[in-house]
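Below is one structure, written out as C-alpha cells; comments come after it.
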Amino acid sequence: MGRSKFLDSIRNELRRQNYSWRTVNAYVGWARRLVRYCGYKHPRNISPEEIASFLNYLAVQRQVAASTQNQALCALVFLYREVLDHELPLLENLKRAKKPRRLPVVLTREEVKLILCNLDGIPKLVAQLLYGSGLRISEALRLRVQDVDLSYRQITVRSGKGDRDRHTVLPAAVVPALKQALARRKVLHDRDTRRGCGRVVLPKALARKYPGEDTRFRWQYLFPSRRVAKDAQTGILHRYHLSDSFIQRAVKEAVDRSGIAKRASCHTFRHSFATHLLQDGYDIRTVQELLGHNNVKTTMVYTHVLNKGGRGVNSPVDNL
C-alpha cells in the first residue's frame, strides 16, 4: 500500500467513526510525522521503542505542550488499534511532557467593553456571543440559523466538545444585530439558491435521510464564508462558515488597539463570561451547564478571582 493510500485509509476510518475534520487532519498529520521520523518505514514495521523515541523527541527536543504529546499518542493508538488492527504495546521509557497548572486570563468588564468598542461588524457580533453566551469560537461559528431562538432568548449548541448538545443564554443586547445578520443571511441564501449553490453540509446522514433538507434556510450557517466551496466528501458546492482565523485576527487587533496588557484572545471572552457570572452570584452548577463542562472541577478554576488580593487575604503592608 502506497503512502497516500495508507493515509487515505486512516482518513476513511476516522470519518466512518464520525470524528471531526480537525481531528481527522490532526491524526493523519501525526501518522505522517511518525513515518517521516522513522525513515519512511511502514507503521507495521515500526517498533514500540521507535514510537517511544518519537514521543520523547516531541517532549524533549521539540518541547511541545503536554496536550500536544497526548494528542500524538492518541493518534498513534487509533492508528494501530483501529486501522492496523494491532494493539499498541506498553511504551517503556516514555517521557511524558509535564502538564502545568495554568490559571485562565480573565478580563474586567471595563476591558471587555473597551475591546468590543474596537470591533465592528461580524467580528463584534461573534465576540459579543463569546462573552455573552460563553461560547467557544468553533461553537459560535458553527451556529446555524435554527440554533438561535430569539423568542426564548436561547442558543442551542449542537455537537459541542465531547459531542454533547446544550443550551445557553442569548444576550438581549445582541438581538438587534442578530436580526440584521439573519436578514442578510436570508438574502445571501436566496441568491445562492438562484445560482444553484444554496446547499449546506448536514450532520452525518441527514442529507440522505431527508432529501432536499440541505437547501433549507434553517440549516444554513449563521456566519457564512465569503466564498462558495466544494465539499471534499460529497463534491457539492456549498457555503461553509467563516474561518476562525478571521475572527481571531480581528480580536487580536482590537486588543492591541485597546492597549490592554493582558494576553487576551477569543477564548478569554469565555473565561470572562464564567468568572463574571460567578461574581454576580450565580450558582457554579448553572455556570457549568452553560459552559458545557462535563465535571464541575473544570468550572472551579474560575473561582480564583472571586476573592480579591490572593484568596481575600489583606497584605500586611496595607496595615502599616
Side-chain angles (χ1 to χ4, degrees), residues 15 18-22 119-161 163-248 250 266 269 290 292:
R15 291 171 186 167
N18 294 318
Y19 280 80
S20 69
W21 273 102
R22 289 195 175 193
L119 287 167
D120 55 15
I122 293 300
K124 181 175 183 176
L125 178 55
V126 173
Q128 287 177 312
L129 289 176
L130 299 181
Y131 173 64
S133 306
L135 301 178
R136 300 176 178 89
I137 180 65
S138 59
E139 293 170 345
L141 295 181
R142 286 204 308 263
L143 286 176
R144 299 179 190 251
V145 171
Q146 64 181 350
D147 298 333
V148 178
D149 193 327
L150 299 178
S151 300
Y152 280 98
R153 294 246 322 265
Q154 173 177 276
I155 290 177
T156 302
V157 179
R158 305 186 190 276
S159 299
K161 193 171 183 179
D163 200 22
R164 294 187 300 269
D165 294 355
R166 75 178 190 276
H167 293 304
T168 188
V169 61
L170 173 60
V174 305
V175 169
L178 273 176
K179 287 182 177 179
Q180 294 178 8
L182 287 168
R184 291 194 300 268
R185 187 66 187 92
K186 185 67 169 66
V187 171
L188 179 61
H189 176 59
D190 290 343
R191 187 165 70 238
D192 285 344
T193 301
R194 289 193 296 269
R195 295 169 52 202
C197 53
R199 302 170 69 183
V200 69
V201 177
L202 298 185
K204 300 183 180 179
L206 285 179
R208 293 197 303 272
K209 189 175 182 180
Y210 303 107
E213 191 71 11
D214 56 353
T215 63
R216 295 189 179 275
F217 177 59
R218 62 171 174 258
W219 281 104
Q220 305 303 310
Y221 287 111
L222 180 60
F223 303 113
S225 171
R226 295 177 178 177
R227 297 180 180 179
V228 175
K230 182 180 290 186
D231 179 59
Q233 283 185 281
T234 63
I236 67 171
L237 286 173
H238 74 289
R239 193 177 293 276
Y240 204 54
H241 60 66
L242 272 178
S243 169
D244 54 3
S245 61
F246 173 73
I247 305 298
Q248 289 167 345
C266 289
F269 288 118
L290 292 175

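Throughout, numbering of the chain's residues begins at 1 and tracks the sequence.
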Discussion item. Between Lys161 and Glu139, does any NZ, NE, NH1 or NH2 come within less than 4.0 Å of an OD or OE carboxylate oxygen?
Written reply: no
Fill in: Expected output: side-chain Arg164 to main-chain Gly292 donor-acceptor under 3.5 Å
yes
Worksheet item: What are the two closest heavy atoms between Leu242 and Pro224, and how far apart are they?
Response: CG-O, 3.5 Å
Discussion item. For Tyr240 and Tyr221, take the angle between the two ring planes, folded into 0 to 90°, and tell me which bin it lands in: parallel under 30, tilted 30 to 60, perpendicular over 60.
Written reply: perpendicular
Discussion item. Pair Tyr210, Leu202 - check side-chain contact (heavy atoms from CB on, under 4.5 Å), show working.
Written reply: CA-CA 10 Å; Tyr210 303 107; Leu202 298 185; 5.9 Å; no
Fill in: Taking every non-hydrogen atom, the tightest pair across Arg199 and Asp214
NE-OD2, 2.9 Å
Discussion item. Taking the basic N atoms (NZ, or NE/NH1/NH2) and the acidic carboxylate oxygens, is any pair closer than 4.0 Å for Asp190 and Lys186?
Written reply: yes
Discussion item. Taking the side chain as everything from C-beta on, heavy atoms only, tell me whether Leu188 gets closer than 4.5 Å to Arg184.
Written reply: no
Worksheet item: Is Arg144 salt-bridged to Asp147, cutoff N-O under 4.0 Å?
Response: no
Response to the item:
Correct closest heavy-atom pair for Pro123 and Ile247 would be CA-CD1, 3.9 Å
Worksheet item: Do the non-hydrogen side-chain atoms of Val145 and His189 ever get within less than 4.5 Å of each other?
Response: no
Discussion item. Within this structure, what is the NE2-OG1 distance for the pair His238 and Thr215, rounded to the nearest 0.5 Å?
Written reply: 14.5 Å
Worksheet item: Can you name the closest pair of heavy atoms from Pro176 and Ala172 and give their distance?
Response: CD-O, 3.8 Å
Worksheet item: Quick one: are Leu143 and Leu135 in side-chain contact, heavy atoms under 4.5 Å?
Response: yes
Worksheet item: How about Leu170 and Asp149: do any of their side-chain heavy atoms sit closer than 4.5 Å?
Response: no
Worksheet item: Which value, rounded to the nearest 0.5 Å, describes the distance between Arg153 atom CZ and Ser133 atom OG?
Response: 10.0 Å
Worksheet item: Taking the side chain from Gln220 and the backbone from Arg216, do they hold a donor-acceptor pair closer than 3.5 Å?
Response: yes
Fill in: Audit row: Arg218, Glu213, side-chain contact (heavy atoms from CB on, under 4.5 Å) steps and yes/no
CA-CA 9 Å; Arg218 62 171 174 258; Glu213 191 71 11; 2.4 Å; yes
Discussion item. As an exercise, state the distance from NZ of Lys230 to SG of Cys197, rounded to the nearest 0.5 Å.
Written reply: 12.5 Å
Fill in: Atom pair CD1/CG of Ile137 and Leu130 - distance to nearest 0.5 Å
5.0 Å
Discussion item. Taking the side chain as everything from C-beta on, heavy atoms only, tell me whether Phe223 gets closer than 4.5 Å to Leu129.
Written reply: yes
Fill in: Leu222 and Leu182, any side-chain heavy atoms less than 4.5 Å apart
yes
Practice prompt. Determine whether Arg239 and Asp192 make a side-chain contact, defined as any pair of heavy atoms from C-beta on separated by less than 4.5 Å.
Written response: yes
